[in-house]
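What follows is a set of notes on a single structure, which appears directly below.
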Amino acid sequence: MTESSATLSADLKTDTQEDRPTMPAVLRGWRCKCPNCGEGKLLHSYLKVNDNCSNCGLDLTSARADDGPAYLTILLVGHIMAPLLHVVYFTWRPEPMVTFTVFSLGCLLSSLFLLPRMKGIVIAYQWARRMHGFGKES
């Protein structure tokens, strides 16, 4: 390595801002809390993102979850309910209407439970990775 390339690499600065750990932020997102402080509410009205955190004032207006939470919810519910349906049907052979009712309600309720949590996870991940308006200046 030459002296000029050593000087050049010493002059290059990496990100000097404090690190945003991903896992604690994602766990806060799962609880639908602010990814920064873990205290303020992330969502109101089931899926609407608050403009700011009520505790630390984090600007959440640039959070963009788009279709990610719906995709993750469908993925999880499908991968849990389909094998469960297979096992239940071939083990106990319930009546078709009973199977339909139980698994329809199971899919509906688990989707309603998971959707806001998946949205919290997506927004928290974006915050931790400085994506979509949660950039280096935030």
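These numbers were taken from a predicted model, which means no experiment stands behind them.
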**Report entry** Non-neighbouring partners of Phe90 that pass ring pair (Phe, Tyr, Trp, His ring centres under 6.0 Å), sequence neighbours left out
**Finding:** His86
Query raised in the report: What side-chain hydrogen bond (donor to acceptor under 3.5 Å, both in side chains) pairs are there with at least one residue in residues 110-120, not counting sequence neighbours?
Result: none
Under 3.5 Å, sequence neighbours excluded: what are the donor-acceptor pairs made by side chains of residues 65-77?
unit_1	atom_1	unit_2	atom_2	d
Asp66	OD2	Arg64	NH2	3.1
Thr73	OG1	Pro69	O	2.7

Query raised in the report: Is there side-chain contact between Leu58 and Cys37, with at least one heavy-atom pair below 4.5 Å?
Result: no
**Report entry** Heavy-atom pair with the smallest gap, counting every atom of Leu43 and Pro116
**Finding:** CD1-O, 3.7 Å
Report summary line: Taking every heavy atom of Gly40 against every heavy atom of Asn55, the minimum-distance pair comes out as N-CB, 3.9 Å
Query raised in the report: Checking Arg31 side chain against Gly38 main chain: does a donor-acceptor pair fall under 3.5 Å?
Result: yes
Report summary line: Across all chains, not counting sequence neighbours, the side-chain contact (heavy atoms from CB on, under 4.5 Å) partners of Leu108 are Leu112
Query raised in the report: Does any pair with a residue in residues 77-100 pass salt bridge (Lys or Arg N to Asp or Glu O under 4.0 Å), and if so which ones, sequence neighbours excluded?
Result: none
Report summary line: Residues at least two apart in sequence or cross-chain that pass side-chain contact (heavy atoms from CB on, under 4.5 Å) with Leu85, listed by chain then number, are Thr99, Phe103
Report task. Over all heavy atoms of both residues, which pair between Gly57 and Asn52 is shortest? Give the atoms and the distance, please. Result -> O-OD1, 4.1 Å
Query - Contacts of type side-chain contact (heavy atoms from CB on, under 4.5 Å), residue Arg129, not counting sequence neighbours - result: Thr22, Tyr125, Met131
**Report entry** Inter- and intrachain pairs under salt bridge (Lys or Arg N to Asp or Glu O under 4.0 Å), touching residues 34-58, at least two apart
**Finding:** none
Query - Non-neighbouring partners of His44 that pass side-chain hydrogen bond (donor to acceptor under 3.5 Å, both in side chains), sequence neighbours left out - result: Asn50
Query raised in the report: Which distance, rounded to the nearest 0.5 Å, do you find between the CE of Met118 and the CG of Leu47?
Result: 12.5 Å
Query - side chain to side chain contact (heavy atoms under 4.5 Å, CB included) between Tyr89 and Leu84, worked out - result: CA-CA 8 Å; Tyr89 181 76; Leu84 188 61; over 6 Å; no
Report summary line: CG of Leu42 to CD1 of Ile123, rounded to nearest 0.5 Å, is 4.5 Å
Query raised in the report: Are Val26 and Phe113 grouped together when hydrophobic residues (ILVMFWY) are joined by side-chain heavy atoms under 4.5 angstrom apart?
Result: yes
Report summary line: Sorted by chain and number, sequence neighbours left out, side-chain hydrogen bond (donor to acceptor under 3.5 Å, both in side chains) with Asp59 holds for Thr61
Report summary line: Residues passing the side-chain contact (heavy atoms from CB on, under 4.5 Å) test with Ala25, sequence neighbours excluded, are Pro35, Ala124, Trp127, Ala128
